[in-house]
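Naming convention: chains lettered A, B, ... in sequence-line order (proteins, then strands); numbering from 1 in each chain.
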There are 2 protein chains.
Amino acid sequence: MLSHSIANIETNTAFAKARCPARPVDQFVNVMGLASLVATAFRYQKDEEIFGEDESTEYVYQVVRGAVRTYKLLSDGRRQIGSFHLPGDIFGLEYGPSHRLTAEALVETEVRLIQRRSLENAANVDVQVARSLWNVTAGELRHAEDHMLLLGCKTAMERVAAFLLEMDRRLAAASMVALPMCRRDIGDYLGLTLETVSRALSQLHDQHVLDFSGARQIVIRNRQRLRDISA
Amino acid sequence: MLSHSIANIETNTAFAKARCPARPVDQFVNVMGLASLVATAFRYQKDEEIFGEDESTEYVYQVVRGAVRTYKLLSDGRRQIGSFHLPGDIFGLEYGPSHRLTAEALVETEVRLIQRRSLENAANVDVQVARSLWNVTAGELRHAEDHMLLLGCKTAMERVAAFLLEMDRRLAAASMVALPMCRRDIGDYLGLTLETVSRALSQLHDQHVLDFSGARQIVIRNRQRLRDISA
DNA sequence: CGACTTTTTGAAACGAGTCAAGTGCAGTGG
DNA sequence: CCACTGCACTTGACTCGTTTCAAAAAGTCG
């Protein structure tokens, strides 16, 4: 529950239009508006938990600004990051009663929340809303299927190349990729250690496939080469 | 298209009730019946392709008897099996216009087919049908999320133990697990080579965790031990 | 039974992990 | 303005688990 921090919440329906590039989920965003559902803005600081694994699903979330990681843990601390969520992305939508991954802010992050129950109600009346919910889940499944191929088959270098292309596609601004996550997060996403990620990036740098301006500001110099490497 | 082999198709609405243990997807099965949709039975022989990656999605499938693997390939032949589909399971349901994995019969397999378009139509009228479609996709996503954790984090032994528990849960009959797939399929599912799978099974046998009667008939002697190992 | 495929087992090689320094960068305060 | 501090990142040397390659054993089917 968020009631203990209600002072931090500001109701804001205008946020909907901000920084949401054209994607399939826009339909869902529109639904949020059309159904006159109450969307609420909330801010999380770096590394703050947004929801926990097995927590009940009271809200559905959309990133407005910042970035989010969702992950599963094994009992000894090994972590698999399932996805990174960037501005415009919906996350935390579940069919069942509880979340199956933990969500944390990668950096200071602003999200819009909507009550899951109100979405349910809308979906029971409007088939288009029901379709939109299905669409969001189907999009996550598509990503998960691609990621299983990466985790089950690809080499370290192929994984890092695929990661860079994904980030380039999703958050490239002016040919520069500004990564919001550290090497450990990248490693836990790709099923590698942070050292292996670092070595692969260094190797790509040596081969003039990319340039750095600081460890997290990357310019891709040879996109086609990356595509070839990513297999 | 199946028109060239229409002679092999037999329309059969009674198949619905056969060998479908209680699961979430039963709702979907019921929907198939209630909406008076035409379900058709079809038979595939061992290793026969049911649909291919990027093929357009004309049908949704349900295993009646046998078993199915769905997978993605890399250009050099590396393969990641996403799921095994057993009697009662729905597969091949896509939100988008084309399949994202290839489906093949593991053994001689009987499936029921339903036209995707007729499901779409039903979903546009009945919100319960729309919910059922979402539910099927959400179930696949849940499996994919668990499998990413396995592929990204777990050791060979942990993967094999988890696999055995999954198969035990899904197809155990009289304490015996009769695997419909070969070691290579298991390896491609777990992100391991067939040799590594074989070694892990041998090791579990040496530790009296399981017994064999033939390579594919497995009796689990110590289920708790397997749970501990699977992490 | 004999031919083929699948599975097991062994030995060697390799890719990624682990452990341990060392470097660089951002923020803090003298 | 520049040392100081604390992380994040890089790099090196070594280890280890899994893969690769090869051959034997077991299982399946005509």
- Min side-chain heavy-atom separation B:Asp188-B:Arg78 under 4.5 Å: no
- Task: Starting at atom CG of B:Leu192, determine the distance to atom C1' of D:dT18, rounded to an integer number of angstrom.
- Result: 8 Å
- Item | Euclidean distance, atom CG of residue B:Leu179 to atom P of C:dT6 [Å, nearest integer] | 15 Å
- Message: One thing to verify: whether A:Asp185 and A:Arg79 come together as a salt bridge, which I'm taking to mean a side-chain N less than 4.0 angstrom from a carboxylate O.
- Response: yes
- Taken to the nearest whole Å, CG/A:Leu194 to P/D:dT10 is 9 Å
- Does A:Glu145 come within less than 4.0 Å of B:Lys72, counting only side-chain N to carboxylate O? no
- Task: Nearest-nucleotide wise, let me know which of A:Gly214 and B:Val197 is further upstream toward the 5' end of DNA chain C.
- Result: B:Val197
- Message: What is the distance, to the nearest angstrom, from the CG atom on A:Asp206 to the P atom on D:dT11?
- Response: 7 Å
- Query: Over how many whole Å does the gap from A:Asp47 atom CG to D:dA8 atom C1' extend?
  - Reply: 13 Å
- Query: Just how far, in rounded Å, is P of C:dT8 from CZ of B:Arg216?
  - Reply: 10 Å
- Item | Protein-nucleotide distance (B:Leu204, atom CG; C:dT8, atom C1'), rounded to Å | 15 Å
- Would you indicate what B:Gly191 reaches in the nucleic acid, counting non-hydrogen atoms under 4.0 angstrom: base, sugar-phosphate, or nothing? sugar-phosphate
- Does a distance-only test, which skips hydrogens and angles, find a donor-acceptor pair under 3.5 Å between the side chain of A:Arg199 and the base of D:dG12? yes
- Task: To the nearest Å, give me how far apart NZ (A:Lys46) and C1' (D:dA8) are.
- Result: 10 Å
- B:His208 (side chain) donor-acceptor with B:Asn222 (main chain) under 3.5 angstrom: no
